[in-house]
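Worksheet for the structure shown next.
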Amino acid sequence: MNISLTKAQFFLLLFIFQTGIVYIAFQTPLISSSKNSSWLIFIVASVIHYGLLLFFERYHSYFYLNVFFRWVYQIYWLLLTAAFIAYMSYVLASWVLPQTPEWIVVVIIVVLSLYANLSRPETVINIGVMLIPIIFLFVTFLMLAIPDLTWSNLFPIEWKHTKQIGAGLIHSIYAYFGIEMYLIYRPFLQKDLQVKGKPLLMYQLVIFVFYFISVLFTQMFFSIEEINLIPEPIMYILKSQEVTFVKRLDIFFVYIWLSWSIVTVMIFGLSFRMLHFVKKKQHPNSRIIVYHIFLAILPLFVIHFRSIELIKNSLHYVFIFFTFLLPIVIIGWNKWRGKSVS
């Protein structure tokens, strides 16, 4: 697939992908497992994420995917996208559309993704530009909750056992899932552009601050006992705020989050296209349609509370393998063989 990315497009694509869908919910498992030390453990996880970005930048040319690994990632993205669509439909049913059949929401999301992915690849890439102002509205309106924050919730920092630290680091993966997309899209960056050094550091700082504020506010707004009962803490914080121009701020932001998440689904579809059509194939549009038919069917099997909770409590292990371990193994194997991306 012939795509040429600028630095701005490249980092915007990564930012939307890494923050979409999970932004409103990853704080709960992190704080539940790490208690008062959650914010500090998240800082450690962010340093690890930055180190992995540096590693990927240095060795991205060795992330060569043969036919087997291309199919592994395509199937992984298909199942992951289906799970995310199910979660999106579940959140909408819980917050704003309790009477709407889930399949209608699923079909709308899938049709929008299909339309974008039948268009030129640049359509998916550039549509994220429209999200920049509304995404950062989250941070702006979260600031309204400052008077309600309890700063003492951040202390004392306790390190009772290594299990607590390990669980916190693992659950922080929710925030930084999808880092393998750095390796997928890096070869399509314009040849005369460099991202190592200051651009990569700036990206890490932006995404870290964006997430870190949400962790701090969640930890200071809810007690440790309360957080276990709050599946989407950011939405609950926004729900508690009162503004004059909208009756319920949480519903306003649910729709913003939905738009943000739909673009993430579109990027999943674009990533599938990029691996599936490495070589020219007949009837490309029909293959894209088949992919989206699966996306419309699979979520319907898991859109209920128990399945959603099981997926949420298991995904971090899947992320660790596909986002961290498998890319490192592939890079190491290809470097040993001397095989690189052309």
In terms of relative ring orientation, are [X] and [Y] parallel, tilted or perpendicular, with 30° and 60° separating the classes?
| X | Y | answer |
| --- | --- | --- |
| Phe42 | Phe212 | parallel |
| Trp77 | Tyr73 | tilted |
| Tyr291 | Phe272 | parallel |

Could you tell me if the side chain of [Y] sits less than 4.5 Å from the side chain of [X], heavy atoms only?
| X | Y | answer |
| --- | --- | --- |
| Leu65 | Ile184 | yes |
| Tyr203 | Leu14 | yes |
| Leu80 | Leu315 | yes |
| Glu102 | Tyr90 | no |
| Thr6 | Phe10 | no |
| Phe217 | Ile234 | no |
| Val72 | Phe322 | yes |
| Val195 | Tyr182 | yes |

**Request:** Begin with the C-alpha distance, continue with both residues' side-chain angles, and end with the deciding distance and a verdict on side-chain hydrogen bond (donor to acceptor under 3.5 Å, both in side chains) for Ser261 and Tyr23.
**Result:** CA-CA 10 Å; Ser261 300; Tyr23 178 75; over 6 Å; no

Is [X] linked to [Y] within one hydrophobic cluster, defined over Ile, Leu, Val, Met, Phe, Trp and Tyr using a side-chain heavy-atom separation of less than 4.5 Å?
| X | Y | result |
| --- | --- | --- |
| Leu79 | Tyr317 | no |
| Ile179 | Leu325 | yes |
| Val329 | Tyr59 | no |
| Phe210 | Val47 | no |
| Ile288 | Tyr115 | no |

**Prompt:** Hey, mind stepping through Phe221 and Thr150 against side chain to side chain contact (heavy atoms under 4.5 Å, CB included) and telling me if it holds?
**Reply:** CA-CA 6 Å; Phe221 194 87; Thr150 304; over 6 Å; no

So, taking the atom named [atom1] in [X] and the one named [atom2] in [Y], what distance separates them when rounded to the nearest 0.5 Å?
| X | Y | atom1 | atom2 | answer |
| --- | --- | --- | --- | --- |
| Met202 | Ile207 | CE | CD1 | 13.5 Å |
| Ser32 | Ile230 | OG | CD1 | 10.0 Å |
| Ile43 | Ser172 | CD1 | OG | 10.5 Å |
| Leu12 | Ile127 | CG | CD1 | 11.0 Å |
| Tyr236 | Thr28 | OH | OG1 | 9.5 Å |
| Leu78 | Trp71 | CG | CH2 | 9.5 Å |

**Fill in**
In Ile24, Ile21, Thr19, the residue satisfying side chain to side chain contact (heavy atoms under 4.5 Å, CB included) with Trp260 is Thr19

**Message:** Using the side chain to side chain contact (heavy atoms under 4.5 Å, CB included) definition, which of the options Leu114, Ile262, Leu295 pairs with Ile109?
**Reply:** Ile262

**Prompt:** With a cut-off of 6.0 Å (strictly less than), are more than 12 heavy atoms of other residues, nucleotides or ligands near CZ of Phe55?
**Reply:** yes

**Message:** With a 6.0 Å cut-off (strictly less than), is the heavy-atom count around NZ of Lys35, excluding the residue itself, greater than 12?
**Reply:** yes

**Item:** From CA spacing to verdict: side-chain hydrogen bond (donor to acceptor under 3.5 Å, both in side chains), His171, Gln27
**Value:** CA-CA 9 Å; His171 286 295; Gln27 301 87 356; over 6 Å; no

Is there a donor-acceptor pair under 3.5 Å between the side chain of [X] and the backbone N or O of [Y]?
| X | Y | result |
| --- | --- | --- |
| Ser89 | Ala86 | no |
| Gln18 | Phe15 | no |
| Arg186 | His60 | no |
| Ser214 | Tyr211 | yes |
| Thr123 | Ser119 | no |
| Asn334 | Phe63 | no |
| Asn117 | Leu270 | yes |
| Gln9 | Ile125 | no |
| Gln74 | Arg70 | yes |
| Ser223 | Glu226 | yes |

**Message:** Is there a ring-ring contact (aromatic ring centres under 6.0 Å, His included) between Tyr64 and Phe69? Walk through the geometry before answering.
**Reply:** CA-CA 9 Å; Tyr64 170 79; Phe69 283 117; 9.7 Å; no

**Message:** Walk me through whether Tyr87 and Val302 qualify under side chain to side chain contact (heavy atoms under 4.5 Å, CB included).
**Reply:** CA-CA 9 Å; Tyr87 177 65; Val302 294; over 6 Å; no

What pair of heavy atoms forms the shortest contact from [X] to [Y], and how long is it?
| X | Y | answer |
| --- | --- | --- |
| Leu13 | Ile267 | CD1-CD1, 3.8 Å |
| Ile31 | Val215 | CD1-O, 4.2 Å |
| Ser38 | Gln219 | CB-OE1, 3.5 Å |
| Leu52 | Thr323 | CD2-O, 4.4 Å |
| Phe253 | Met235 | O-CE, 3.6 Å |
| Ile224 | Ile227 | O-CG2, 3.1 Å |

**Message:** Under the ring-ring contact (aromatic ring centres under 6.0 Å, His included) test against Phe177, which residue among Phe84, Tyr76, Phe321 passes?
**Reply:** Phe84

**Item:** From CA spacing to verdict: side chain to side chain contact (heavy atoms under 4.5 Å, CB included), Leu154, Met220
**Value:** CA-CA 7 Å; Leu154 301 178; Met220 291 188 290; 3.8 Å; yes

**Asked** Hey, mind stepping through Phe319 and Phe324 against ring-ring contact (aromatic ring centres under 6.0 Å, His included) and telling me if it holds?
**Response** CA-CA 7 Å; Phe319 291 161; Phe324 290 83; 9.4 Å; no

**Prompt:** By salt bridge (charged side-chain N to carboxylate O under 4.0 Å, His left out), which residues pair with Arg120, not counting sequence neighbours?
**Reply:** Glu122

**Request:** Apply ring-ring contact (aromatic ring centres under 6.0 Å, His included) to Phe268 and Phe17, showing your working.
**Result:** CA-CA 8 Å; Phe268 267 116; Phe17 190 87; 4.6 Å; yes

